[in-house]
Amino acid sequence: MSFSSEAKAELCKLRFDKKSAAVAECCGVLLYASCFTPREARIVTGSAEFAARLPRLFRRAFNLDFDLLPEEGKGGKKSLLITDESKLRRVYEAFGADAGATLSHHINFGILEDEGCMEAFVRGAFLAGGSVTDPDKRFHLELSTPHRSVSREMYTVLLDLGFSPKESSRQGNALLYFKKADAIADFFTTLGAPVTAMGIMTAKVEREMRNTVTRQINCDSANADKTVTAAQEQIEAIRRYAREYGLESLPEALHDTALLRITNPEASLSDLARLSLPPVSKSCLNHRLKKIMELAKQGTVQK
């Protein structure tokens, strides 16, 4: 089962005790369904839980049954259909619309009488026309409807609930979408799916941890590369000076430092400072190595 299917399955466990909330959820379902006209209301879904919820939901909201239900035990997409004109008129009337005069669909804000009904409406819209990507891959939730006017009005509903979706379109459908993990998690928390919300936040935390570890590894690797490069330059300078003048010509402190670096080619400056006899500071050791490199360079130039 996909993450989106699991999210819808969790939402379908919610009760719809209030008739007003059931009507609001049905409104969201139909305005985001495959087809909703005065002649036909068709809901197509791949969610078995949603398909099982719809007959009970419509009976609670409108006291009517679907004219066509999916075959029991059959997999794949499931289609639920209403074609009876009297049933469709009853649905339109419940939405405050005239089945014979409606040219384009709109949200009847009158049926969204409180925050609970608004949440039920958005829940129905997601169940019928929404999807959410597996958060282990990326964060993306969208609501898709063929009715552009409905999408614009849904934007207002979401704003009232505290959300700020982005707008787009695809293949003639109007889209509202979120790409932030926090917003998607809050969306599901608001609609009544805390397990889904927790899954999204867990994926976000794990991703941030992986990114932190990766950045630290890259930083450590870069520092190690710098250490190796610097050590190679120091060793080359020491060998060059030894060929030209011999290390015995160096002052005792520089002579000891040169030998220490040659015998510990992979050691960091901090390690070399601790190995010095007597121990010196990192800055002191760095100063000595720089002095040797300057002498080696001057000797090459002089030659």
Under-4.0 Å salt bridge between Asp182 and Lys180 = no
Using modelled atom types only, decide if a donor and an acceptor are shared between the side chain of Glu153 and the backbone of Ile107 within a distance under 3.5 Å.
yes
Of all heavy-atom pairs linking Leu260 and Leu272, the shortest is CD2-O, 3.3 Å
Q | Donor-acceptor pair between Glu10 and Thr196 side chains, under 3.5 angstrom | A | yes
Original post:
Does a side-chain heavy-atom distance below 4.5 Å link Phe95 with Leu31?
Top reply: no
For Val205, the hydrophobic cluster (side chain heavy atoms closer than 4.5 Å, chained through members) also holds Met209
Distance-only, no hydrogens or angles: does the Arg39 side chain make a donor-acceptor pair with backbone N or O of Asp84 under 3.5 Å? no
> Under 4.5 Å between any side-chain heavy atoms of Leu295 and Leu250, yes or no?
Replying inline: yes
Is there a donor-acceptor contact under 3.5 Å linking the side chains of Ser268 and Asp271? yes
Residues Arg148 and Ala174: closest non-hydrogen pair is CA-CB, 4.0 Å
Given the rule in the side-chain contact (heavy atoms from CB on, under 4.5 Å) test, do Thr133 and Phe3 qualify, once you have shown the distances and angles that lead to the verdict? CA-CA 7 Å; Thr133 303; Phe3 187 83; over 6 Å; no
For the side chain of Ser2 and the backbone of Ser5, is there at least one donor-acceptor N/O pair under 3.5 Å apart? yes
The reported gap from CG in Leu68 to OG in Ser79 (rounded to nearest 0.5 angstrom) is 6.0 Å
Worksheet entry | Verdict with supporting geometry, Lys18 and Asp114, salt bridge (charged side-chain N to carboxylate O under 4.0 Å, His left out) | CA-CA 12 Å; Lys18 290 176 57 179; Asp114 55 33; 3.1 Å; yes
Please examine the side chains of Glu49 and Met1, heavy atoms only from C-beta on, and report whether any two atoms are closer than 4.5 Å.
yes
**Request:** State whether the number of non-hydrogen atoms from other residues, nucleotides or ligands found under 6.0 Å of Glu40 atom CD is greater than 12.
**Result:** yes
Check your understanding: Does one side chain, of Arg170 or Ser144, offer a donor that lies under 3.5 Å from an acceptor on the other?
Key -> no
Note to self: Quick check: is Met154 connected to Leu159 through a chain of hydrophobic side chains (ILVMFWY, heavy atoms under 4.5 Å apart)?
What the structure shows: yes
### Query
For Ile43 and Phe58, what are the C-alpha separation, side-chain angles and deciding distance, and is it a side-chain contact (heavy atoms from CB on, under 4.5 Å)?
CA-CA 12 Å; Ile43 305 164; Phe58 273 64; 4.0 Å; yes
State plainly whether one hydrophobic cluster holds both Tyr177 and Leu141, where clusters connect Ile, Leu, Val, Met, Phe, Trp and Tyr through side-chain heavy atoms under 4.5 angstrom apart.
no
For Lys87, is the NZ atom crowded, meaning more than 12 foreign heavy atoms sit under 6.0 Å from it?
yes
Residues 188-212 vs ring pair (Phe, Tyr, Trp, His ring centres under 6.0 Å), sequence neighbours excluded, gives Phe126-Phe188
Sub-4.5 Å side-chain heavy-atom contact between Leu69 and Pro55 | yes
When every non-hydrogen atom of Arg288 is compared with those of Thr257, the smallest separation belongs to CD-OG1, 3.1 Å
In terms of heavy-atom contacts, Arg42 and Ala33 come closest through O-CB, 3.7 Å
Next on the checklist: Is there a continuous path of hydrophobic side-chain contacts, each under 4.5 Å between heavy atoms, that joins Tyr155 to Leu112?
Outcome noted: yes
Atom NZ of Lys166 with >12 non-hydrogen neighbours under 6.0 angstrom:
no
Any donor-acceptor pair under 3.5 Å linking the side-chain atoms of Glu248 with those of His255? no
Checklist entry - Given the rule in the side-chain contact (heavy atoms from CB on, under 4.5 Å) test, do Val122 and Met118 qualify, once you have shown the distances and angles that lead to the verdict? => result CA-CA 6 Å; Val122 177; Met118 293 170 66; 5.7 Å; no
Using the ring of each side chain (for Trp, its six-membered ring), is Tyr241 parallel, tilted or perpendicular to Tyr245, with breaks at 30° and 60°? tilted
So, Thr45 versus Ser47: side-chain donor-acceptor pair below 3.5 Å or not? no
Run Leu254 and Lys291 through side-chain contact (heavy atoms from CB on, under 4.5 Å) and show every step you take. CA-CA 8 Å; Leu254 298 185; Lys291 183 62 177 178; 3.8 Å; yes
**Report entry** Verify same cluster id: Val29, Leu175 (apolar side-chain graph, 4.5 Å)
**Finding:** no
Margin query: When you compare the side chain of Leu158 with that of Phe187, does any pair of heavy atoms fall below 4.5 Å?
Written below: yes
ask   = Between the main-chain N or O of Phe62 and the side-chain N or O of Arg90, is there a donor-acceptor pair closer than 3.5 Å?
value = yes
- Look at atom CD of Glu113 and say whether more than 12 heavy atoms of other residues, nucleotides or ligands are closer to it than 6.0 Å. yes
| Got a donor-acceptor contact below 3.5 angstrom from the Ser4 side chain to the Val132 backbone? | yes
*Taking C-beta and beyond as the side chain, do Glu167 and Leu176 meet within less than 4.5 Å on heavy atoms?*
yes
(request) Establish, yes or no, whether a centroid distance under 6.0 Å links the rings of His105 and Phe36. (result) yes
Worksheet entry | Side chain to side chain, Gln234 and Leu269, heavy atoms closer than 4.5 Å | yes
- Face-on cation placement of Arg207 at Phe139 ring, 6.0 Å and 45° thresholds: yes
When rounded to the nearest 0.5 Å, the distance separating CD1 of Ile235 from CG of Asn264 is 9.0 Å
Taking C-beta and beyond as the side chain, do Asn173 and Gln171 meet within less than 4.5 Å on heavy atoms? no
Linked, directly or transitively: Leu81 and Leu64 (ILVMFWY side chains, under 4.5 Å): no
Between Ser249 and Gly246 the two heavy atoms that sit nearest each other are OG-O, 2.7 Å
Output for pair (Glu25 CD, Ser20 OG), nearest 0.5 Å, gives 11.5 Å
Tightest non-hydrogen contact, residues Leu14 and Leu191, listed as CD1-O, 3.1 Å
Between Arg239 and Glu244 (salt bridge meaning N to carboxylate O under 4.0 Å), is one present in this structure?
no
Rounding to 0.5 Å, atoms CZ (Arg123) and OG1 (Thr190) come to a distance of 11.0 Å
Between Asp67 (side chain) and Thr83 (backbone), is there a donor-acceptor pair under 3.5 Å? yes
CD1 of Ile111 to SG of Cys26, rounded to nearest 0.5 Å, is 9.0 Å
Taken to the nearest 0.5 Å, the spacing of Leu30 CG from Leu88 CG works out to 9.0 Å
